[in-house]
Amino acid sequence: PANNLGLEDIIRKALMGNLED
Amino acid sequence: ELTREQHTLLNFLVDSYNKHRIPQDMAKKLLQEQFNAEENFLLLTEMATSHVQVLVEFTKNIPGFLGLDHEDQIALLKGSAVEAMFLRSAQVFTRKMPSGHSELLEDRIRKSGISDEFITPMFNFYNSIGQLHMLQEEQALLTAITILTPERPYVKDQQAVERLQDPMLDVLRRICALHHPHQPQHFARLLGRLTELRTLNHHHAEMLTSWRTS
């Protein structure tokens, strides 16, 4: 779950979302 | 006066800032349901995660941001996430809410297991932001300026970040002069809140440690 992710992981995932777009 | 380009930049930023916000059902949960301390903790962490996700979406829309070095993008977001989160949260206490809502919210935060030592400066900040009666434009610009702080740890190309931050500062200065012609110190006050935010950011790291322990 997102709750267990660290700040950097959340940021990297959210930024990656853009690359996939 | 703003130039046409500055107008475009400003409208774009404000739209993006308003579009990217925490899902309403999550915000509603915070107001409507009763939770124990553990559930409070979970809900607040869920909200913090959501805060970061919408912050990244907003940041991607800042002109030029995605052109920065990828690791610098992460360093900027990592360094500013907490500050941007406090800025956004301050809005909740600034905006007029139905009676009792901000008290309920404050109560929930106070009962989340965070020690008073950290809670007090946080609410002091919310109050000091509230006194500025910030416009949406100022909120969006101040958030972008916070994110684009060249001096964050691990940022390699500080000049590239500065080149993005400078135009934002110029627009903010002009907006302040336009909307607060009789308060020449308004711009400086807004920037002063950024210094306060840095202190909160520092406290936040300590707070998380104490929260985890408890």
* Rounded distance [0.5 Å steps], CD1 in I74(B) versus CD1 in I11(A) ->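 The distance works out to 7.5 Å.
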* Asked: Rounded to the nearest 0.5 Å, how far apart are OG1 of T49(B) and NZ of K13(A)?
  ->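 Those atoms lie 11.5 Å apart.
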* Asked: Does any pair with a residue in residues 72-82 of chain B pass side-chain hydrogen bond (donor to acceptor under 3.5 Å, both in side chains), and if so which ones, sequence neighbours excluded?
  ->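 Sorted result for residues 72-82 of chain B: E8(A)-K78(B).
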* Neighbour count >12 (heavy atoms, 6.0 Å) for atom CD, E151(B) ->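 Buried by this count: over 12 neighbours within 6.0 Å.
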* Greater than 12 external heavy atoms within 6.0 Å of K19(B)'s NZ ->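 Open: at most 12 neighbouring heavy atoms sit under 6.0 Å from NZ of K19(B).
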* Asked: Going through the checks in order, is the side chain to side chain contact (heavy atoms under 4.5 Å, CB included) test met by T59(B) and L15(A)?
  -> CA-CA 9 Å; T59(B) 307; L15(A) 274 174; over 6 Å; no
* Excluding sequence neighbours, so at least two apart, what forms side chain to side chain contact (heavy atoms under 4.5 Å, CB included) with L172(B)? ->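 Counting only residues at least two positions away or on another chain, L172(B) forms a side chain to side chain contact (heavy atoms under 4.5 Å, CB included) with E138(B), L141(B), L142(B), I145(B), C176(B), F187(B), L190(B), L191(B).
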